[in-house]
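Below: the structure, in structure tokens.
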Amino acid sequence: MPETGGHGASIELESLTKRYPGVAQPAVDNVSMEIKAGEVVVLVGPSGCGKSTLLKMINRLIEPTGGRIRMGGEDVTDIDPVGLRRKIGYAIQSAGLFPHMTVAQNIALVPRMIGWPKSRIGARTEELLDLVGLDPGEFHGRYPRQLSGGQQQRVGVARALAADPPVLLMDEPFGAVDPITRDHLQDELIRLQHELHKTIVFVTHDFDEAIKIGDRIAVLRERSHIAQFDTPEAILANPADDFVSGFVGAGAALKRLNLTRVRDVEITDYPTVMIDDPLQQIVNRLRAGGTNEVLLLDRHGRPCKWLRRGDLMRARGSLARAGTPVHDTVTRDATLRDALEAVLTDNTGRVAVTGRNGEYTGVVDMETLLNSVHGMLEADRLDALENQHELEELRAAQTHVEQEGDRGVTGVGGFGGTR
């Protein structure tokens with residue numbers, strides 16, 4: 001593969017096919033697809049449609065029976081598959097970390113295999129841990145069993161990125177974690193992609209996840225036949241057929257909330273206090289803020305609790321049991337649907353927005369989210385009216401042409417008769 005300076009490489013699949021001995025139908029049948037450099041393409045389809053098989057043929061974990069694979073314009077179908085895989089990042093469900101290796105050793109695996117010097121490997125490991133939001137000093141020497149599921153997935157992504165590959169393949173990477181952690185990992189991947197511009201091919205069975213992270217989505221039928229390959233906006237607005245409509249499902253307007261990010265709407269400030277502030281100072285801040293509550297931040301500036309006036313009355317000098325814990329936060333890369341779900345979870349009418357290290361940066365409130373929903377619905381209504389108007393104009397024009405045609409036929413006949 002050609003060197004790309006760490007940025008993405010284009011991928012072309014030409015008539016890619018996989019047949020297994022003794023099986024009448026191919027698992028993947030004559031699939032052709034072009035993926036642009038730096039693009040995130042999501043493969044989504046029912047269980048057994050061959051999407052994971054298709055993904056694994058790209059790095060030749062599964063060898064194609066027929067067809068060609070090109071990366072960056074170079075045909076990689078016949079080169080050494082081991083060498084190819086060292087130039088392609090690969091992240092799977094449950095992270096796939098080696099349990100007997102530390103976090104640092106897991107991340108360093110591919111750079112060590114391709115001969116990077118120790119100093120470069122050490123620097124790269126620390127850089128990647130920081131990039132995926134894990135403190136190098138805290139996590140460098142830990143083993144996978146000492147990590148939460150979300151932390152393991154972060155290390156898995158870091159390992160896939162270790163040798164700075166142009167292409168990253170991800171097979172249901174967030175499927176084994178809880179929904180809140182999954183949302184945060186998706187946001188982290190979106191943030192990383194803004195910085196790194198890799199070419200990412202991502203397999204999922206979750207259409208909402210596909211909408212959230214994909215630049216384009218390939219909806220696959222059985223044997224990986226492509227039902228529709230388009231942007232999330234286009235698929236939501238115009239599903240190609242009933243099969244694709246089944247994946248979109250009910251509530252397409254609500255799903256469009258996955259197309260807008262928190263950074264695209266108004267993020268406002270809100271009164272905050274620190275956990276070490278004296279109680280009287282917190283009371284004064286609440287009175288001065290003009291609100292019924294304040295947001296309590298921990299020593300790192302991360303949202304901790306919502307404190308209301310009644311909570312402070314009952315605190316009796318201690319905040320340990322006072323207030324309502326912040327159950328969820330969102331980043332600027334989160335979708336409006338994530339924000340809406342978080343608002344409903346915390347039942348406060350707003351959700352705290354946090355930065356890269358979980359620090360408070362502002363809030364998004366329910367009114368802002370509802371205004372966005374109303375805006376989308378109004379845009380849909382205007383589009384429908386415009387489409388209806390265009391359809392009526394088209395029908396009128398067609399009727400006019402037909403009438404003119406009828407008159408022309410009559411005129412010719414009459415003229416011929418007078419002669």
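Only heavy atoms go into these numbers, but all of them, side chains included; no hydrogens, no water, no symmetry mates. Counting begins at 1 with the first residue of the sequence.
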Quiz item: When L161 is tested against each of I107, V110, L196 for side-chain contact (heavy atoms from CB on, under 4.5 Å), which residue passes?
Solution: L196
Quiz item: Residues two or more places apart in sequence or in another chain: which of them pass side chain to side chain donor-acceptor pair (under 3.5 Å) with R70?
Solution: E14
Quiz item: Is there a side-chain contact between R350 and T368, using heavy atoms and a 4.5 Å cut-off?
Solution: no
Quiz item: After noting the C-alpha distance and the side-chain angles of R285 and D277, does the key distance pass the salt bridge (Lys or Arg N to Asp or Glu O under 4.0 Å) rule?
Solution: CA-CA 10 Å; R285 179 77 174 106; D277 289 347; over 6 Å; no
Self-check item: From CA spacing to verdict: salt bridge (Lys or Arg N to Asp or Glu O under 4.0 Å), D78, R68
Solution: CA-CA 9 Å; D78 298 320; R68 315 300 296 176; 2.9 Å; yes
Self-check item: Candidate list K87, K198, H7, test side-chain hydrogen bond (donor to acceptor under 3.5 Å, both in side chains), partner D164, passing option
Solution: K198
Self-check item: T199 side-chain N/O to G38 backbone N/O, donor-acceptor pair under 3.5 Å
Solution: yes
Quiz item: So, D206 and T204: side-chain donor and acceptor under 3.5 Å apart, yes or no?
Solution: no
Quiz item: Can you name the one residue among L236, T231, D264 that meets side-chain contact (heavy atoms from CB on, under 4.5 Å) with L259?
Solution: L236
Quiz item: Taking the side chain from R332 and the backbone from V353, do they hold a donor-acceptor pair closer than 3.5 Å?
Solution: no
Quiz prompt | Residues K212, D187; criterion salt bridge (Lys or Arg N to Asp or Glu O under 4.0 Å); working and verdict | solution = CA-CA 9 Å; K212 180 174 178 178; D187 296 344; 2.9 Å; yes
Exercise. Using the side chain to side chain contact (heavy atoms under 4.5 Å, CB included) rule, take L43 and M33 through it: C-alpha gap first, then chi angles, then the decisive distance, then the call.
Key: CA-CA 11 Å; L43 309 180; M33 179 182 296; 4.0 Å; yes
Quiz item: Roughly how far, to the nearest 0.5 Å, is CG of N30 from NZ of K18?
Solution: 15.5 Å
Quiz item: Does D365 reach the main-chain N or O of G349 with its side chain, forming a donor-acceptor pair under 3.5 Å?
Solution: no
Quiz item: Does a side-chain heavy-atom distance below 4.5 Å link T354 with T361?
Solution: no
Quiz item: Roughly how far, to the nearest 0.5 Å, is CG of D215 from CD1 of I35?
Solution: 11.0 Å
Quiz item: With side chains defined as the heavy atoms from C-beta onward, is the minimum distance between Q281 and V273 less than 4.5 Å?
Solution: no
Practice problem: Could you list the residues that satisfy ring-ring contact (aromatic ring centres under 6.0 Å, His included) with Y270, not counting sequence neighbours? | Solution: W306
Quiz prompt | Validation row: P64, I69 side chains within 4.5 angstrom (heavy atoms) | solution = yes
Quiz item: Is Q228 close to F247 at the side-chain level, that is, under 4.5 Å between some pair of heavy atoms?
Solution: no
Quiz item: Just how far is it from atom CD of E63 to atom OG1 of T77, taken to the nearest 0.5 Å?
Solution: 9.0 Å
Quiz item: Would a distance-only check, ignoring hydrogens and angles, find a side-chain to backbone donor-acceptor pair under 3.5 Å from Q153 to P173?
Solution: yes
Quiz prompt | Pairwise side-chain contact, R308 with T348, heavy-atom cut-off 4.5 Å (strictly under) | solution = yes
Quiz item: Short question: side chain of T335, backbone of V262 - any donor-acceptor pair under 3.5 Å?
Solution: no
Quiz item: For atom CG of D242, is the number of surrounding heavy atoms from other residues, nucleotides or ligands below 6.0 Å larger than 12?
Solution: no
Quiz item: Has the side chain of S245 got a donor or acceptor atom that lies under 3.5 Å from a matching backbone atom of P239?
Solution: no
Practice problem: Answer yes or no: is there a side-chain heavy-atom contact under 4.5 Å between E188 and H184? | Solution: no
Quiz item: Going by atom types only, do D269 and Y360 share a side-chain donor-acceptor pair under 3.5 Å?
Solution: yes
Quiz item: How many angstroms lie between CG in L340 and OG1 in T345, if you round to the nearest 0.5 Å?
Solution: 9.5 Å
Self-check item: Side-chain donor/acceptor of R85 to backbone N/O of Y90, under 3.5 Å
Solution: no
Quiz prompt | Any side-chain heavy-atom pair of N258 and F207 under 4.5 Å | solution = no
Self-check item: Euclidean distance, R261 CZ relative to D338 CG, rounded to 0.5 Å
Solution: 8.0 Å
Quiz prompt | Donor + acceptor pair across side chains of D29, T17 (<3.5 Å) | solution = no
Exercise. Determine whether more than 12 heavy atoms belonging to other residues, nucleotides or ligands lie under 6.0 Å from atom CD of E367.
Key: no
Quiz item: Is a side-chain donor or acceptor of T260 paired with a backbone partner of L336 at a separation under 3.5 angstrom?
Solution: no
Quiz item: Can you tell me how far the CG atom of N106 sits from the OH atom of Y143, to the nearest 0.5 Å?
Solution: 10.5 Å
Exercise. For the pair D80 and R60, evaluate salt bridge (Lys or Arg N to Asp or Glu O under 4.0 Å) and give the outcome as yes or no after the intermediate values.
Key: CA-CA 10 Å; D80 172 40; R60 292 174 57 202; over 6 Å; no
